[in-house]
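Quick notes on the structure that follows.
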Amino acid sequence: MILNGVLLVLLLVAPLVMYPVFLMKILCFALFAVAFNLLLGYTGLLSFGHAAFLATGGYTTGYLLSNVPGLSTELGILAGTLMATVLGFGFALLSIRRQGIYFAMVTLALAQLVFFFFVQSSFTGGEDGMQGIPRGELFGLIDLNDNLNLYYFILVVFLACYLLVQRTVGSPFGQVLNAIKQNEPRAISLGYNVNRYKILAFVISAALAGLAGSMKSVVFQLASLNDAHWHTSGEVILMTLVGGAGTLLGPVVGATFVVNVEYQLAQGPLRDWVDPILGGIFVLTVIAFRSGIVGEIQKFMRKNLS
């Protein structure tokens with residue numbers, strides 16, 4: 001709780017010393033990683049298709065805010081989240097009966113279908129993306145064109161979702177998910193309908209990923225094909241593993257680390273080497289730091305402070 005309190009204070013004062021839009025990008029990807037971690041870290045399901053939910057939320061919110069006069073920003077974000085939730089339910093029904101690499105390949109194939117749908121659809125703007133998405137006003141009162149106002153709105157939503165995931169993994173439902181991850185046949189023998197639990201976990205994860213995409217489209221006033229690309233699905237895997245899969249804070253730390261590394265490299269002479277360097281970090285994490293940053297710190301503390 002002390003650590004969470006310190007982090008909360010840092011998040012509250014961060015826009016006073018850093019560019020708010022950059023901080024909002026970190027928060028959106030942190031939420032995306034937290035959503036993915038619920039599936040990988042706590043249920044043991046590796047999805048290669050989570051970019052589809054991020055992009056669906058972003059495109060839906062962007063289209064509605066741009067084309068429906070008088071629609072409030074919060075309703076546009078909710079609509080994007082709902083659309084991603086429905087898509088996640090469809091993905092889950094088609095993929096959840098497969099396991100391991102077969103599950104991963106099915107989610108990747110479905111996500112590529114979504115990607116090509118966005119490529120071919122006229123409303124997405126194709127390669128140019130959906131630009132000029134209005135930020136609007138929150139509840140008709142707070143001007144979200146002000147970066148500070150928008151930052152604190154994104155922060156409140158992020159914290160609410162983080163606490164929701166924290167409550168979920170600590171609940172009896174979360175304990176069943178962990179049992180499925182550790183030993184699925186035993187969970188079945190205890191009478192649990194594991195497919196039902198997997199579907200619900202998948203849908204929650206997709207909803208939170210869609211929410212992240214919806215907020216990202218408002219922050220940057222842009223929804224692009226890059227959000228739906230398989231590379232983005234790989235990036236969220238990297239964020240989760242680098243930070244520490246199966247830990248609450250790990251995806252947040254991983255997203256912060258990866259976004260900062262990408263930004264710093266893009267500003268210097270190594271801008272053309274961003275992907276190879278991130279790939280090297282991924283390999284190093286898998287070989288030497290399998291528990292991720294937060295996981296390794298927790299292991300060290302248990303070993304030396306117990």
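Note that these values count all heavy atoms, side chains included, but never hydrogens, waters or copies made by symmetry.
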Checking S121 side chain against T124 main chain: does a donor-acceptor pair fall under 3.5 Å?
no

Measure from the side-chain N and O atoms of T107 to the backbone N and O of H50, and report whether any donor-acceptor pair falls under 3.5 Å.
no

Between atom CG of L238 and atom NE2 of H231, what is the distance when rounded to the nearest 0.5 Å?
9.0 Å

Spatial distance of atom CG (L211) from atom SG (C161) [nearest 0.5 Å]
4.5 Å

Once rounded to the nearest 0.5 Å, what's the spacing between atom CG of N37 and atom CG of L248?
7.5 Å

Output yes when a side-chain donor or acceptor of D227 lies under 3.5 Å from a complementary backbone atom of L54, and no otherwise.
no

Check whether any side-chain N or O of T256 sits under 3.5 Å from a backbone N or O of V252 as a donor-acceptor pair, and report yes or no.
yes

At their closest point, which heavy atom of V294 faces which heavy atom of G250, and how far apart are they?
CG2-CA, 3.6 Å

Can you list the steps and then say if F53 with F202 is a ring-ring contact (aromatic ring centres under 6.0 Å, His included)?
CA-CA 11 Å; F53 312 126; F202 198 107; 5.8 Å; yes

Say whether, by atom type as modelled, one donor and one acceptor occur between the side chain of S95 and the main chain of F103 under 3.5 angstrom.
no

Are the side chain of T60 and the backbone N or O of T81 linked by a donor-acceptor pair below 3.5 Å?
no

Shortest non-hydrogen pair, I154 vs C28, comes out as CG2-SG, 4.5 Å

Tell me if a side-chain donor or acceptor on S233 pairs with a main-chain N or O of F48 at a distance below 3.5 Å.
yes

According to a hydrophobic-cluster definition based on side-chain heavy atoms being under 4.5 Å apart (Ile, Leu, Val, Met, Phe, Trp, Tyr only), do L148 and V17 belong together?
yes

Taking L222's backbone N and O only, do any of them form a donor-acceptor pair with S217's side chain (distance below 3.5 Å, no angle check)?
no

side-chain contact (heavy atoms from CB on, under 4.5 Å) between I96 and L45, intermediate numbers included
CA-CA 9 Å; I96 214 68; L45 297 175; 3.9 Å; yes

So which atom in S47 and which in I237 form the shortest heavy-atom distance, rounded to 0.1 Å?
O-CD1, 4.0 Å

Out of curiosity, L40 CG to T43 OG1, how far, rounded to the nearest 0.5 Å?
9.0 Å

Aromatic plane relationship, Y59 with F123 - under 30° parallel, 30 to 60° tilted, over 60° perpendicular:
perpendicular

I need the L177 CG to L38 CG distance, nearest 0.5 Å.
6.5 Å

For M83 and L87: C-alpha separation, side-chain torsions, deciding distance, then whether side-chain contact (heavy atoms from CB on, under 4.5 Å) applies.
CA-CA 6 Å; M83 187 62 70; L87 182 66; 5.8 Å; no

Are V194 and L94 connected in a single hydrophobic cluster, I mean Ile/Leu/Val/Met/Phe/Trp/Tyr linked by side-chain heavy atoms less than 4.5 Å apart?
yes

Contact summary for A223 and I133, nearest pair of heavy atoms:
N-CD1, 3.9 Å

For F173, I'd like to know if atom CZ has over 12 heavy atoms of other residues, nucleotides or ligands within 6.0 Å.
yes

Apart from V156 itself, residues in the same hydrophobic cluster as defined by side-chain heavy atoms under 4.5 Å:
none

Inspect the surroundings of OH in Y192 and state if more than 12 heavy atoms from other residues, nucleotides or ligands are less than 6.0 Å away.
no

Carefully, step by step, assess I26 and F257 under the rule side-chain contact (heavy atoms from CB on, under 4.5 Å).
CA-CA 9 Å; I26 291 176; F257 176 81; over 6 Å; no

Group every Ile, Leu, Val, Met, Phe, Trp and Tyr by side-chain heavy-atom contacts under 4.5 Å, then state whether V86 and L93 land in the same group.
no

F29 backbone acceptor or donor facing K216 side chain under 3.5 Å
no

L71-F139 co-clustered via ILVMFWY side chain contacts under 4.5 Å
yes

Give me the atom names and distance for the closest heavy-atom approach of E137 to D143.
CG-CA, 4.2 Å

Closest non-hydrogen contact found for F118 with A55 is CE1-CB, 3.9 Å

Does some side-chain heavy atom of R302 sit less than 4.5 Å from a side-chain heavy atom of K299?
yes

Are T85 and F89 close enough, and set up right, to give a side-chain contact (heavy atoms from CB on, under 4.5 Å), and what steps lead you there?
CA-CA 6 Å; T85 304; F89 182 67; 5.9 Å; no

According to a 4.5 Å side-chain heavy-atom criterion applied to Ile, Leu, Val, Met, Phe, Trp and Tyr, with indirect links allowed, do V68 and L82 form part of one hydrophobic cluster?
no

Members other than V9 in its cluster, when Ile, Leu, Val, Met, Phe, Trp, Tyr link by side-chain heavy atoms under 4.5 Å?
none

Would a 4.5 Å heavy-atom cut-off, applied to side chains only, mark T232 and F32 as touching?
yes

Within a strict 4.5 Å, meaning less than it, do heavy atoms of the F115 and H229 side chains meet?
yes

Are the side chains of V219 and K25 in touch, meaning some heavy atoms are under 4.5 Å apart?
no

Output the distance between atom CH2 (W230) and atom CD (Q112), rounded to the nearest 0.5 Å.
9.0 Å

Answer yes or no: are there more than 12 heavy-atom neighbours, outside F22 itself, under 6.0 Å from its atom CZ?
yes

Heavy-atom neighbours of F158 CZ exceed 12 at 6.0 Å:
yes

Whether Y152 side chain and L12 backbone form a donor-acceptor pair below 3.5 Å
yes

What I'd like to find out is whether the side chain of L163 reaches to under 4.5 Å of the side chain of Q166, using heavy atoms alone.
yes

Close side-chain approach of L46 to F36, heavy-atom, < 4.5 Å
yes

M239 side chain reached by V259 side chain, heavy atoms, under 4.5 Å:
yes

Measure the shortest side-chain to side-chain distance between R135 and T73 over non-hydrogen atoms and say whether it is less than 4.5 angstrom.
no

